[in-house]
Amino acid sequence: MLANIFKWFFILAPFVYFDLVLDASGTPRQFYLSLFLFASYLIVLIKKIDLNIPKTYSYIFGSYLFIIILNSIFQNSHIEVIEIIKQIQYFLFFILVYNINWRENNNSVIKGIITFLIIILSFGSIELLYILLNNEVDLTNNLYLISSTFSHKNIYSFVILLSLPFIAIWKVGNKKKIILLSWSSIILITLQTRSVLLGIICALTYLFISENRSLKHKAHKVFIISLPILLASFFIQSKLGTIDLFVEIFDFSNSSSERYATISERLFLWRHSLQMFLDHWLFGVGIGNWPIYFPFYGLTLWRLRQGEVIMQRPHNDFIENFNELGILGGVAFTLLLVYPLLKKSNYKYKSIFNCGLICFIIVSLFSFPQERIIPSILFLTIVAYKLQDNVHLKINSYFLVIIFACTIPCTALCYSHLKSEIYFKKYITNRNSIDQTNAINLLSKSKSKYLKLDKTSTPIDWYIGEVYLKNKNINTAIKYFHQALE
């Protein structure tokens with residue numbers, strides 16, 4: 001029963017894309033997840049399905065949630081409620097996916113994930129084909145035009161990467177597996193996401209070490225498969241005009257390249273984030289507050305000084321958790337990622353799934369997959385598979401009722417957040433053409449008790465003050481500017 005629900009959850013996920021908000025695949029998919037959790041736990045209660053959770057990992061996850069909630073209660077600054085809800089939803093999702101019978105020969109979840117992968121690869125391939133056939137497209141932006149139904153090509157490539165382990169346990173012939181793996185690999189190499197490519201290198205290194213004996217006899221097959229993949233991806237990149245960008249990835253001496261500049265930016269963020277952690281090492285600055293505190297630690301980076309970019313995250317989930325939740329929260333988050341990798345398993349495909357865990361850890365060192373719904377739930381699905389033979393605890397019926405009750409306000413808050421973002425985008429896209437009354441009306445509707453900042457951590461009150469200032473209502477503008485500073 002649960003397996004079929006998960007199957008359709010993954011199949012429908014690529015189509016949850018709502019362009020009426022600024023992040024068309026972010027908030028809509030969190031609302032989609034909340035609806036899925038509400039429906040799933042309702043079915044669990046009605047059908048009286050028994051649920052278990054892995055003992056040690058649940059203690060780690062529970063501790064992490066406890067630290068987040070405790071931190072938020074005693075935090076005097078802004079509290080990012082929707083981020084707290086998201087972490088709770090991840091845990092509730094993990095409970096459900098852990099109870100899938102992964103050893104079942106005809107596993108519906110695997111079919112759902114494979115179908116999901118084929119759908120997103122198809123969308124990405126159509127975009128790629130369009131670019132190749134359309135000579136008027138700006139060549140410098142070709143890579144970023146390939147994102148399937150995700151907000152950015154880096155998210156897209158990471159989702160493909162995390163889907164690959166499930167090909168190994170897909171109950172079909174080797175030919176179909178090789179075709180899907182080759183298709184995925186060509187797209188991944190073409191997209192040139194450096195953290196993903198590094199994750200692949202680290203995962204393959206681990207795989208060759210752990211499975212050295214069995215892979216020795218298959219080396220020639222690996223070479224035969226790999227060579228056409230590389231040639232095909234290089235051919236596509238030459239047609240896109242992005243082959244030079246791919247070469248730049250491995251040219252560490254070229255300090256004038258755009259690749260080198262982004263590395264320098266990350267080092268800048270990490271260095272100043274370290275200073276933030278040293279100042280707030282015990283309790284952190286509060287979940288969602290890194291972008292609010294970061295300007296106090298220096299905006300000397302050129303793009304920051306010019307206002308070309310507003311840094312929202314340190315591009316490292318480990319650093320972000322240590323900064324926002326303090327030492328205990330950072331350690332708990334690290335254990336959430338590392339424990340499943342270190343835990344021994346007797347499952348046949350444990351090495352393949354360890355590769356997925358390694359990739360998630362590597363990408364987390366250079367990006368922020370924890371924020372994104374699809375990468376996070378794919379990671380938790382991999383963890384659920386890996387921990388199947390763990391000592392587990394049975395969830396009693398009273399606790400299941402409490403969990404179901406939690407899904408109701410979570411769904412309501414996600415819906416409220418989605419509505420607020422719709423109003424806010426409507427204002428942003430029409431801010432230069434609408435009158436004061438309509439502008440104030442849209443901003444007032446977008447502001448709520450749980451949404452006071454936009455995606456750049458700018459208070460909604462600041463935008464309201466700006467509208468009044470443009471209309472020379474100075475006193476009211478000052479009032480809202482003061483509120484924005486509170």
Side-chain angles (χ1 to χ4, degrees), residues 60 63-84 86-87 154 194-195 198-199 252 255-338 360-372 452-459 462 484-486:
I60 295 171
S63 300
Y64 180 64
L65 292 177
F66 178 75
I67 291 167
I68 290 174
I69 295 168
L70 200 65
N71 179 286
S72 302
I73 291 172
F74 294 102
Q75 190 62 244
N76 293 322
S77 55
H78 168 71
I79 299 172
E80 194 68 45
V81 176
I82 202 67
E83 288 298 320
I84 301 172
K86 188 184 294 180
Q87 300 307 319
N154 290 352
R194 286 168 297 170
S195 59
L198 180 60
F252 299 105
S255 59
S256 62
S257 70
E258 186 179 342
R259 303 284 195 187
Y260 186 89
T262 57
I263 293 172
S264 299
E265 283 185 1
R266 277 168 171 73
L267 292 174
F268 175 87
L269 294 175
W270 298 344
R271 188 167 60 250
H272 287 74
S273 294
L274 175 61
Q275 186 57 53
M276 187 193 301
F277 171 70
L278 293 175
D279 291 344
H280 304 274
W281 66 272
L282 187 56
F283 298 112
V285 298
I287 190 166
N289 284 334
W290 183 91
I292 296 174
Y293 278 78
F294 184 73
F296 294 108
Y297 293 88
L299 296 174
T300 56
L301 202 65
W302 171 256
R303 290 207 301 161
L304 290 174
R305 290 205 313 270
Q306 299 303 309
E308 293 180 11
V309 65
I310 299 174
M311 295 298 182
Q312 286 303 291
R313 298 179 184 275
H315 284 266
N316 184 310
D317 272 345
F318 294 94
I319 290 175
E320 183 174 346
N321 276 273
F322 275 102
N323 277 174
E324 294 189 345
L325 301 176
I327 185 72
L328 294 178
V331 169
F333 174 76
T334 302
L335 289 173
L336 277 177
L337 270 59
V338 174
F360 192 89
I361 291 171
I362 295 297
V363 174
S364 295
L365 289 169
F366 299 96
S367 188
F368 39 93
Q370 185 190 23
E371 183 206 6
R372 298 293 176 176
K452 296 181 180 180
L453 307 179
D454 72 352
K455 292 288 185 181
T456 66
S457 297
T458 303
W462 185 89
L485 291 170
E486 291 176 357

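Note that the numbering runs from 1 along the sequence shown for the chain. Since this is a predicted model, take the numbers as computed values, not measurements.
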- request: Can you spot which of Tyr293, Trp281, Trp290 makes a side-chain hydrogen bond (donor to acceptor under 3.5 Å, both in side chains) with Asn323?
  value: Trp290

message: Let me confirm one number: the OG-CG distance from Ser63 to Leu336, rounded to the nearest 0.5 Å.
response: 9.0 Å

- prompt: Hey, does Asp454 have a side-chain heavy atom less than 4.5 Å from the side chain of Trp462?
  reply: no

- request: Without swapping roles, check the side chain of Asp317 against the backbone of Gln370 for a donor-acceptor pair under 3.5 Å.
  value: yes

task: Could you tell me which non-hydrogen atom of Gly286 sits nearest to which non-hydrogen atom of Asn71, and how far apart they are?
output: CA-OD1, 3.3 Å

- prompt: Leu453 versus Ile292: any side-chain heavy-atom pair under 4.5 Å?
  reply: yes

- prompt: Within the distance-only criterion (no hydrogens, no angle test), does the side chain of Ser367 pair as donor or acceptor with the backbone N or O of Val363 below 3.5 angstrom?
  reply: no

message: Distance alone, cut at 3.5 Å: any donor-acceptor contact between the side chains of Asn321 and Tyr64?
response: yes

- line: Interatomic distance, CD1@Ile327 vs CG@Leu282, rounded to 0.5 Å, equals 9.0 Å

query: Rounded to the nearest 0.5 Å, how far does NZ of Lys86 lie from CD1 of Ile68?
result: 11.0 Å

task: Look at the aromatic rings of Trp270 and Phe366 and report parallel, tilted or perpendicular, splitting at 30° and 60°.
output: tilted

Distance (rounded to the nearest 0.5 Å) between Glu320 CD and Ile287 CD1: 8.0 Å

- prompt: What's the spacing between Leu278 CG and Ser273 OG if we round to 0.5 Å?
  reply: 11.0 Å

statement: Minimal heavy-atom distance between Leu365 and Asn316, with the atoms involved, is O-ND2, 2.8 Å

- request: Evaluate the salt bridge (charged side-chain N to carboxylate O under 4.0 Å, His left out) criterion for residues Arg313 and Glu80: first the C-alpha distance (whole Å), next the side-chain angles of each, then the deciding distance (0.1 Å), finally the verdict.
  value: CA-CA 14 Å; Arg313 298 179 184 275; Glu80 194 68 45; over 6 Å; no

- prompt: So with a 6.0 Å cut-off around CZ of Phe368, is the heavy-atom count from everything else above 12?
  reply: yes

message: Determine whether a donor-acceptor pair (N or O, by modelled atom type, separation under 3.5 Å) exists between the side chain of Glu324 and the backbone of Gly288.
response: yes

query: Can you tell me how far the CG atom of Leu328 sits from the CZ atom of Phe322, to the nearest 0.5 Å?
result: 9.5 Å

message: I need the minimum non-hydrogen distance between Ser364 and Pro369, along with the two atoms involved.
response: OG-CG, 3.4 Å

- request: Begin from the C-alpha positions of Tyr297 and Asp279 and carry the test side-chain hydrogen bond (donor to acceptor under 3.5 Å, both in side chains) through to its verdict.
  value: CA-CA 11 Å; Tyr297 293 88; Asp279 291 344; 3.0 Å; yes

